[in-house]
Structure formats: C-alpha cells, structure tokens
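Contents: one structure, followed by commentary.
Order of appearance sets the numbers: ligands from 1, and atoms from 1 within every ligand. These figures come from a predicted structure and were not determined experimentally. For the numbers below, each heavy atom of this structure counts, side chains included, while hydrogens, waters and symmetry mates do not. For reference, positions follow the sequence shown, starting with 1.
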Amino acid sequence: MINRNYFISIFFLLLFPYFLSAQDNSNEYWYKNSVIYNLDVDSFYDSDGDGIGDFKGLTEKLPYLKSLGIDALWLAPFQKSPLKDNGYDIEDYYMIHPDYGTGGDLVEFMYEANKLGIRIITDLVINHTSDQHIWFQEAVKDENSIYRDYYVWSKERPDDYNEGMVFPGVQEQTWTFHPEAGEYYYHRFYEFQPDLNNLNPAVQEEMRKVMGYWLWMGVAGFRLDAVPFIIEDPYTGVEDPELHYDMVKQIRQFIQWRRSDALLLGEANVMPDENKNYFGDDGDGMQMLFNFFVNQHLFYSFATEEVSRLTASLEATKDIPENSQWAHFLRNHDELDLGRLSDEQRAVVFDNFGPDEDMQIYERGIRRRLAPMLDDTRRIKMAYSLMFSLPGTPVIRYGDEIGMGDDLSLPEREAVRTPMQWSAVKNAGFSTADHLENPVIDKGQYSYRQVNVLQQQQDPNSLLNWTSRLIKLRKSCPEIGMGDWELISTGSPHVLGIKYEFGSRSLLVLHNLSAASQDIVLQDNFQGYRISNSLENSKEKTGIRELQEFSIKGYGYEWYQLEN
Ligand code: GLC
C-alpha cells in the first residue's frame with residue numbers, strides 16, 4: 001500500500017513541472033486574437049485641469065476602453081522628455097514625465113487596467129535618447145567618460161553626413177558637429193536625438209535594465225521603435241549599413257525570460273524579403289511586426305478602388321513563421337508612409353488622399369487622419385472592416401473609432417495628435433483648462449461639437465457603436481488571427497475575398513473597394529451565414545445562404561461563417 005501511494009506521488013511530482021509550464025504558456029499567444037488600441041497619455045484625458053492629459057485621466061477612461069472591447073493598450077512614450085518629438089526623445093528611461101502624474105499614478109493605472117483584463121504595451125525607444133539625457137550630457141563633456149562610447153562619434157565629417165535622414169525636408173543631416181565634444185555625432189532622426197551605440201555591451205546592459213524595469217512594473221510587452229536603426233552599424237555607412245539581426249533575438253530572449261508571455265511588436269518598415277530576419281527563421285525574433293508593406297498598398301488600392309496591389313502585398317508577406325503575426329493598422333501617430341510605393345503609385349495616393357502640399361510630409365507621406373482622407377462613412381466602415389479581417393492583429397489609433405479629423409495648422413505629425421473628443425463642452429471635455437498646449441479641433445465638420453464620444457454613445461448607429469460591434473465580431477472569429485488563409489477569386493477586380501480555416505471553422509470575408517455595386521462570381525459554391533449583419537445593428541435574421549453568384553453593394557463588406 002505504502003509502495004503504491006509512493007509511486008503515485010512520484011508520478012504526480014514528475015508531472016508537476018509540466019502542469020506549471022502548461023499553465024505558464026497557456027496565454028503565450030494572447031496577441032493573436034487581441035485588439036490593440038494606441039494612444040498618447042497627454043492627449044487622452046486631463047484629470048487635473050492643467051491642460052495636459054495624465055495617468056489619472058487615463059485611469060478614469062479605462063471603462064470606456066473596456067466597453068469598446070479592446071484587449072491591449074499601446075502607450076506612446078510617457079517618460080521624462082523635452083517633448084521635442086512627442087516623447088520619442090527620452091531623457092530618463094525610468095521616470096515618468098511629471099506632467100502626466102507620479103509613479104504612484106502609474107501604478108494605480110496598471111492595477112486598474114489589470115483588473116479589467118487590459119494588457120499594457122509601452123513603446124521602447126532604444127535607438128536614441130534625447131540630447132538632454134545625462135548619458136549624452138556626460139559624453140559630450142569628457143571624451144574619457146564611460147558614456148562617450150554610449151553614442152556614435154566621428155572625428156572627421158563622414159562623406160555621407162547628409163544622407164539617410166528619416167525626416168527629409170525637415171532634418172538636414174545624420175552626422176552633426178558637437179562643439180563641446182569637438183566631434184561629429186550620429187543621429188538617424190532629429191539632431192536632438194543622438195543614436196545610442198547599441199553594439200556597445202554596456203549600452204545593451206543598460207537596455208536590459210530598462211526592459212526589466214518596465215516588465216517588473218507589469219507591462220505585457222513593448223512596441224520596439226525603429227528596429228532597423230537599433231541594429232545597424234552606423235560606421236558601415238548610412239545608406240546600406242550592416243545589420244545585426246541577432247540583437248532582436250537577444251531582446252526577445254531576455255523579455256521572455258523575465259515574463260513568459262511578453263510581446264515584442266516591432267516597427268520595421270522593410271521590404272518583404274527582409275521579414276524573416278526580424279521574425280527569426282523559427283519565430284524566435286519579434287512575435288509581431290507592423291505590416292507597413294500591406295498598409296501602403298492598401299491605401300493605393302483604396303485610391304484606385306482595385307484590389308490587385310493589395311492582394312500582391314498580402315501574398316508577398318504571407319510566408320512567416322507559425323507563431324509570428326502581422327499587426328495591421330490604417331493610421332498611426334506618424335504620417336501615412338508611402339515610401340515603399342513606386343513614384344507613380346505614390347502620386348495616385350497623393351492625388352486621392354493628400355492633394356495639397358500642406359497635407360504631404362517628408363517627401364513620402366500624408367499627415368492626415370483616416371476620416372478626412374476617406375471622407376465617407378460607408379468607405380470608412382469598409383476600410384475598418386477590411387483591416388480587421390486581414391490575417392493578423394488589428395491596431396486602432398485613438399479617436400479613429402469616432403472618426404476624428406486632423407489639424408493641418410499644426411506642425412508636421414502634430415496634425416494627427418489633437419486631444420480626444422469626449423463631448424460637446426469646452427475643450428471637447430478633454431480638459432477644463434483655459435489654455436491647451438495641444439488645441440482641440442473646433443472648426444468644420446470634424447469639430448468636437450460634431451464629432452465626440454458622448455453623442456456617439458447615444459446613437460446605436462454611430463461609428464463608435466459600430467466599431468465596438470466590429471471588435472466583438474473580430475474576436476468571435478479566431479480563424480483570422482490563428483488560422484490558415486487564402487485569397488479567393490471573386491470575379492471582380494474591385495472585391496477582395498479571403499477565406500480562413502481554423503480547426504473545424506471556416507470564414508469568408510468580402511470587401512468591395514469601389515463605390516459601385518459589384519457582381520460576385522465565386523469559383524466554388526459555398527454555403528454560409530452572414531455574420532456581419534450584426535455590425536449594422538439590423539434586425540434582419542441571418543439564414544443559411546448559397547454563395548456563388550450574388551452582388552455586393554458599393555463599399556460593402558460581408559463576413560460569412562461557412563458550413564463545411
Ligand atoms: C518612430 C516613431 C516616431 C518617432 C521616431 C523617432 O518612427 O514612430 O514617432 O518620431 O521613431 O523615435
């Protein structure tokens with residue numbers, strides 16, 4: 001008897017590590033069926049009336065985000081910063097900007113978000129610091145300081161000093177002479193953002209501490225800023241530098257060691273043949289990358305109302321490791337970057353969505369919000385429904401759920417960073433201050449009096465309520481984030497068809513990019529239930545339908561759960 005119990009105990013003891021790891025990894029793929037929402041703390045909600053959004057304000061608005069249905073929040077940088085590049089010029093990696101609250105406010109926010117089941121992703125900006133960072137200050141003062149090697153220097157002015165700028169038209173060079181240091185320093189971005197020497201092991205050690213700190217504070221992962229520039233060796237030339245892809249894997253390994261389900265979501269606007277270098281051949285690099293390639297071709301397809309370039313870009317980015325995932329988006333906090341299109345294609349998108357010079361930026365992009373560009377609610381809904389049904393994880397930009405506009409009188413990308421429009425009262429209900437650093441949109445059809453949360457909450461047919469139904473629909477279709485997919489010929493050059501399979505489930509999604517109704521002819525005869533009816537809040541009952549020859553209305557979107 002003793003022997004038997006003894007063996008049973010040993011058996012379960014041996015299985016214990018398996019149970020532990022199974023439990024630990026059960027959520028490892030959480031990012032595959034999530035919806036991510038991106039915001040800047042300073043533009044979301046001001047709780048103390050000083051005119052600047054803060055963590056207490058964001059905490060108050062968590063129920064709003066929860067009711068919208070999002071799973072994860074990606075916060076733009078909120079650390080101490082001179083704020084010359086919207087916080088992407090970090091002065092202290094550990095301290096939050098005093099205007100946004102205290103460390104205590106941040107912890108309260110994390111606690112409340114966690115209670116609601118919302119994960120927090122933060123930006124990780126390690127390509128550069130602000131020139132006000134103590135490391136750079138020390139580095140320029142003394143060439144023997146240990147911080148000198150934290151940055152990238154040259155005694156002579158490199159021949160390519162005025163090439164490789166990320167902000168052409170605004171930024172003049174990538175190597176700038178520093179009078180105090182007596183040498184040139186390297187900066188991919190603005191001159192107040194000196195590049196860190198990420199090949200220096202001491203800098204890598206600092207960055208592990210930064211990541212470790214924020215993971216310990218409870219963040220679920222990082223949006224890794226400017227990845228190709230982090231891993232470049234600037235001494236090998238700015239046009240075609242040597243890239244150290246192994247650094248991406250080291251970062252992934254480190255964060256996963258500290259938190260098993262930690263996510264790395266990379267910003268790397270690269271050509272499709274480079275994707276594997278960032279995902280890693282075995283998926284051991286970044287789990288997610290923004291699909292900039294598809295994004296640009298998507299806007300080209302919106303402009304031409306034809307799907308051929310979009311389908312080509314989807315095929316070109318199809319082959320990725322199994323646990324890797326694309327993040328899809330329509331607009332973000334930067335310009336709509338069209339740098340991967342041909343000159344002719346870019347001209348077509350400019351003509352359609354950013355014809356005035358003032359709408360264009362950095363010789364390659366458009367600094368407008370989605371709603372004014374598409375300028376038709378039917379088209380905006382089609383665009384969102386399409387983006388949510390692309391193979392990957394959708395990312396929404398704050399304010400797009402209510403169709404906010406832009407303010408082109410603001411410099412550069414500030415045009416798309418105006419405060420969230422909560423209601424029709426003063427300052428859009430964002431703040432009670434008399435003066436706002438960052439003004440609200442108060443003129444024209446996108447004014448907060450026309451476009452705001454409160455008004456849309458009360459209208460079942462508003463874009464806000466529609467978006468919330470879209471989020472629900474997307475989350476009820478795990479085949480999109482986790483399944484296999486193929487493009488389906490629809491018989492119309494204007495209609496995109498994607499079919500998904502996941503276990504015993506299959507889904508067909510159709511989107512008509514043109515304003516005119518289109519006839520569809522599918523190669524196979526499918527049968528399915530139209531589940532996108534729920535988006536329109538319609539009372540129409542969804543019966544089983546034969547799907548082979550039918551028509552789809554202008555800017556129509558149709559999602560079908562197929563019967564196998
Ligand atoms: C990334 C950010 C952008 C920022 C730049 C420099 O591209 O998206 O907003 O200006 O990095 O950090």
Side-chain angles (χ1 to χ4, degrees), residues 36-43 74-93 97 121-133 136 151-152 164-174 176 185-196 198 207 210 222-232 234 238 248 264-270 278 286 288-293 295-296 327 329-340 361-369 395-398 406 410-418 438:
I36 303 176
Y37 186 97
N38 161 240
L39 61 83
D40 304 63
V41 176
D42 64 348
S43 321
W74 151 33
L75 302 182
F78 49 78
Q79 286 83 358
K80 186 165 182 230
S81 158
L83 299 179
K84 286 163 88 178
D85 180 18
N86 203 35
Y88 283 89
D89 45 334
I90 291 181
E91 186 183 330
D92 184 330
Y93 284 99
H97 194 293
I121 300 168
T122 64
D123 248 287
L124 183 64
V125 189
I126 62 177
N127 175 67
H128 48 264
T129 65
S130 157
D131 57 2
Q132 300 305 304
H133 196 292
F136 193 66
Y151 295 89
V152 183
M165 286 80 73
V166 173
F167 303 125
V170 179
Q171 180 192 355
E172 277 168 9
Q173 52 205 27
T174 44
T176 295
Y185 67 96
Y186 178 65
H187 55 92
R188 257 298 168 185
F189 296 88
Y190 299 106
E191 75 177 57
F192 53 81
Q193 290 167 316
D195 269 44
L196 283 163
N198 274 297
M207 288 313 156
V210 169
F222 301 105
R223 179 247 186 210
L224 191 56
D225 186 60
V227 190
F229 303 131
I230 296 174
I231 63 174
E232 72 178 349
V238 293
V248 172
L264 209 49
L265 162 58
E267 184 207 25
N269 184 350
V270 296
Y278 292 88
M286 273 171 302
M288 283 219 277
L289 280 175
F290 287 103
N291 200 329
F292 284 95
F293 196 70
N295 176 261
Q296 315 189 16
F329 60 103
L330 289 170
R331 288 292 288 114
N332 61 18
H333 64 295
D334 289 326
E335 78 283 9
L336 166 62
D337 187 338
L338 304 168
R340 298 282 168 200
I361 189 168
Y362 310 140
E363 301 163 12
R364 59 155 188 257
I366 301 181
R367 55 185 204 113
R368 300 181 77 191
R369 278 255 192 187
V395 183
I396 319 177
R397 171 78 175 147
Y398 84 90
D406 42 56
L410 298 173
E412 296 181 53
R413 294 160 290 159
E414 293 305 305
V416 298
R417 298 168 179 172
T418 59
N438 187 9

Could you tell me if the side chain of [Y] sits less than 4.5 Å from the side chain of [X], heavy atoms only?
{"X": "Val210", "Y": "Ile126", "answer": "no"}
{"X": "His97", "Y": "Val41", "answer": "no"}
{"X": "Ser43", "Y": "Tyr398", "answer": "yes"}
{"X": "Tyr190", "Y": "Asp89", "answer": "no"}

Out of all atoms in ligand 1, which are within 4.0 Å of some heavy atom of [X]? Include the element for each.
{"X": "Phe167", "value": "10 (O)"}
{"X": "Arg413", "value": "3 (C), 4 (C), 9 (O), 10 (O)"}
{"X": "His128", "value": "6 (C), 12 (O)"}
{"X": "Asp334", "value": "2 (C), 3 (C), 7 (O), 8 (O), 9 (O)"}

Can you report which non-hydrogen protein atom sits closest to [atom], along with the distance?
{"atom": "atom 5 (C) of ligand 1", "answer": "Phe189 CE2, 3.6 Å"}
{"atom": "atom 11 (O) of ligand 1", "answer": "Asp225 OD1, 2.9 Å"}
{"atom": "atom 10 (O) of ligand 1", "answer": "Asp85 OD2, 2.6 Å"}

Query raised in the report: What do we get for Arg223 next to ligand 1 when only non-hydrogen atoms under 4.0 Å count, side chain, backbone, both or neither?
Result: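 For Arg223, the contact with ligand 1 is made by the side chain alone.
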Report task. Quick one: sort the Phe136 and Tyr151 rings into parallel, tilted or perpendicular, breaks at 30° and 60°. Result ->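 Perpendicular.
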Report task. Return yes when Tyr190 approaches ligand 1 closer than 4.0 angstrom through a heavy atom, no otherwise. Result ->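 False for this residue.
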**Report entry** Option passing side chain to side chain donor-acceptor pair (under 3.5 Å) with Tyr88 (candidates Asn127, Asp123, Asp334, Asp225)
**Finding:**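 Testing each of Asn127, Asp123, Asp334, Asp225 against Tyr88, the sole residue satisfying side chain to side chain donor-acceptor pair (under 3.5 Å) is Asp123.
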